[in-house]
Amino acid sequence: MNVMSKTGIIYSFKSTKTAKIAEKIIQEFEPEFNIQKVDAEELNEEIFLSFTNLILGVPTWFDGELPIYWDEFVPALEDLNLKGKTIAIYGLGNQVEYPENFGDAVGIMAELVTARGAKLVGLTSTEGYAYESSRAEQDNKFLGLVLDQETQPRLTKERLAEWVKDLKKQFK
Ligand SMILES: Cc1cc2nc3c(=O)[nH]c(=O)nc-3n(C[C@H](O)[C@H](O)[C@H](O)COP(=O)(O)O)c2cc1C
């Protein structure tokens with residue numbers, strides 16, 4: 001894979017809703033930013049480290065866990081030095097069906113990358129959501145953009161636009 005951009009967006013190309021949101025994020029960044037798409041299922045350490053800015057697409061599966069392809073990359077991730085990397089995380093979840101684990105994967109990934117020295121950006125307000133608990137929440141903020149395409153699809157456009165506006169200021 002030829003990396004030609006400073007900013008990469010990594011998500012599974014097979015993850016339907018997450019992939020659709022990735023396209024919307026890329027559109028929102030254009031034309032100021034050229035964002036390279038990377039399939040999380042083909043990811044390796046070299047590709048991950050080739051970007052300065054990273055956007056990670058992480059839906060929550062299995063009652064509060066990472067999808068398998070992200071889980072498989074965790075041991076490699078734990079060996080990386082992410083100092084100097086700026087990382088933003090977005091994740092899909094369903095607050096009605098999974099109110100006790102809403103968007104947990106965003107929190108799991110945030111913990112992993114900050115422990116390796118990355119700068120986490122793109123924290124968002126928890127206002128407007130209704131759930132019981134979430135590993136994505138810390139000090140009344142989400143550690144990324146949490147979207148619910150199943151029970152709040154109409155709120156996505158504005159949440160996403162606000163988030164990208166913020167990221168444009170954070171990414172160098
Ligand atoms: C088996 C299964 C388990 C899920 N577990 C959670 C969960 O624990 N927390 C949550 O917020 N959403 C959960 N969801 C909802 C998904 O995150 C949501 O459907 C998301 O839009 C999937 O995105 P994708 O199509 O890109 O995989 C689960 C969905 C399924 C099918």
Side-chain angles (χ1 to χ4, degrees), residues 1 7-30 35-44 47-48 51 53-78 87-115 120-164 166-167:
M1 199 190 102
T7 306
I9 184 164
I10 307 176
Y11 59 96
S12 165
F13 289 7
K14 286 197 212 123
S15 200
T16 333
K17 288 180 181 143
T18 302
K20 246 193 188 153
I21 296 297
E23 295 297 339
K24 298 220 162 90
I25 292 170
I26 293 166
Q27 273 171 23
E28 202 69 36
F29 266 103
E30 286 171 344
I35 307 213
Q36 185 157 348
K37 292 188 246 184
V38 174
D39 189 347
E41 305 200 30
E42 314 250 311
L43 190 56
N44 62 41
I47 295 172
F48 198 93
F51 296 102
N53 308 311
L54 289 136
I55 301 167
L56 311 179
V58 186
T60 303
W61 287 8
F62 311 120
D63 296 340
E65 292 185 41
L66 294 174
I68 296 156
Y69 50 88
W70 273 122
D71 231 8
E72 283 172 354
F73 188 63
V74 167
L77 194 57
E78 285 175 334
I87 298 184
I89 302 167
Y90 77 96
L92 281 76
N94 181 323
Q95 64 205 293
V96 174
E97 300 251 340
Y98 304 92
E100 287 169 8
N101 302 92
F102 179 50
D104 276 6
V106 168
I108 296 169
M109 189 55 84
E111 225 170 84
L112 282 164
V113 298
T114 50
L120 186 71
V121 296
L123 277 58
T124 60
S125 170
T126 55
E127 255 171 63
Y129 297 83
Y131 56 89
E132 283 160 37
S133 71
S134 171
R135 278 181 77 173
E137 187 190 321
Q138 198 177 84
D139 303 326
N140 295 318
K141 288 261 183 193
F142 282 131
L143 298 167
L145 174 68
V146 183
L147 297 174
D148 186 335
Q149 286 302 87
E150 282 144 30
T151 78
Q152 293 186 330
R154 266 166 291 158
L155 300 179
T156 292
K157 199 170 176 215
E158 196 186 333
R159 285 171 174 165
L160 190 153
E162 281 286 305
W163 191 62
V164 173
D166 176 32
L167 294 187

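What you see below is based on every heavy atom in this structure, not just the backbone, and it leaves out hydrogens, waters and symmetry mates. For ligands, and for the atoms within them, numbers begin at 1 and follow the listed sequence.
- By the 3.5 Å distance cut-off applied to N or O atoms, E65 is not counted among the residues near ligand 1.
- Between E162 and D166 there is no side-chain heavy-atom pair separated by less than 4.5 Å.
- Residue-to-ligand polar distances place L92 within reach of ligand 1: an N/O pair is separated by less than 3.5 Å.
- Against a heavy-atom cut-off of under 4.0 Å, F62 is close to the following atoms of ligand 1: 3 (C), 4 (C), 5 (N).
- Looking only at side-chain heavy atoms (C-beta outward), N101 and S134 stay at 4.5 Å or farther from each other.
- Closest to atom 4 (C) of ligand 1 among all protein heavy atoms lies Y98 CZ, 3.2 Å.
- For atom 12 (N) of ligand 1, the nearest non-hydrogen atom of the protein is N94 N, 3.2 Å.
- Listed by number with element, the atoms of ligand 1 under 4.0 angstrom from any heavy atom of K17 are 21 (O), 25 (O), 26 (O).
- Residue T18 approaches ligand 1 through these ligand atoms, each under 4.0 Å from one of its heavy atoms: 23 (O), 24 (P), 26 (O).
- Among protein heavy atoms, the minimum distance from atom 16 (C) of ligand 1 is reached at T60 O, 3.5 Å.
- In this structure, CD on Q36 lies 4.5 Å from CZ on F51, to the nearest 0.5 angstrom.
- Around atom 11 (O) of ligand 1, the closest heavy atom drawn from P67, S15, G103, P99 belongs to G103.
- F62 meets the ring pair (Phe, Tyr, Trp, His ring centres under 6.0 Å) test with no other residue; sequence neighbours excluded.
- Evaluation of the side-chain contact (heavy atoms from CB on, under 4.5 Å) rule for N53 yields T7, T86, F171 as partners, not counting sequence neighbours.
- Proximity of D63 to ligand 1 is established by a heavy-atom distance of less than 4.0 Å.
- If you number the atoms of ligand 1 from 1 as listed, the ones under 4.0 Å from a heavy atom of W61 come out as 4 (C), 5 (N), 27 (O).
- Within ligand 1, the atoms closer than 4.0 Å to a non-hydrogen atom of F102 are 11 (O), numbered from 1 in the order shown.
- Considering only non-hydrogen protein atoms, atom 18 (C) of ligand 1 sits nearest to E150 OE2, 3.3 Å.
- A 6.0 Å sphere centred on CD1 of I68 holds no more than 12 heavy atoms belonging to other residues, nucleotides or ligands.
- Among protein heavy atoms, the minimum distance from atom 9 (N) of ligand 1 is reached at N101 O, 3.0 Å.
- With contacts defined as side-chain heavy-atom distances shorter than 4.5 Å, the pair L112/F73 does not qualify.
- At least one donor-acceptor pair closer than 3.5 Å links the side chain of D104 to the backbone N or O of R135.
- Residue P59 places no N or O, backbone or side chain, under 3.5 Å from any N or O of ligand 1.
- Of the possible polar contacts, one joining the T60 side chain to the A105 backbone as a donor-acceptor pair under 3.5 Å is found.
- Looking only at distances, no side-chain donor or acceptor of W163 sits under 3.5 Å from a matching main-chain atom of V146.
- For atom 8 (O) of ligand 1, the nearest non-hydrogen atom of the protein is G64 N, 2.6 Å.
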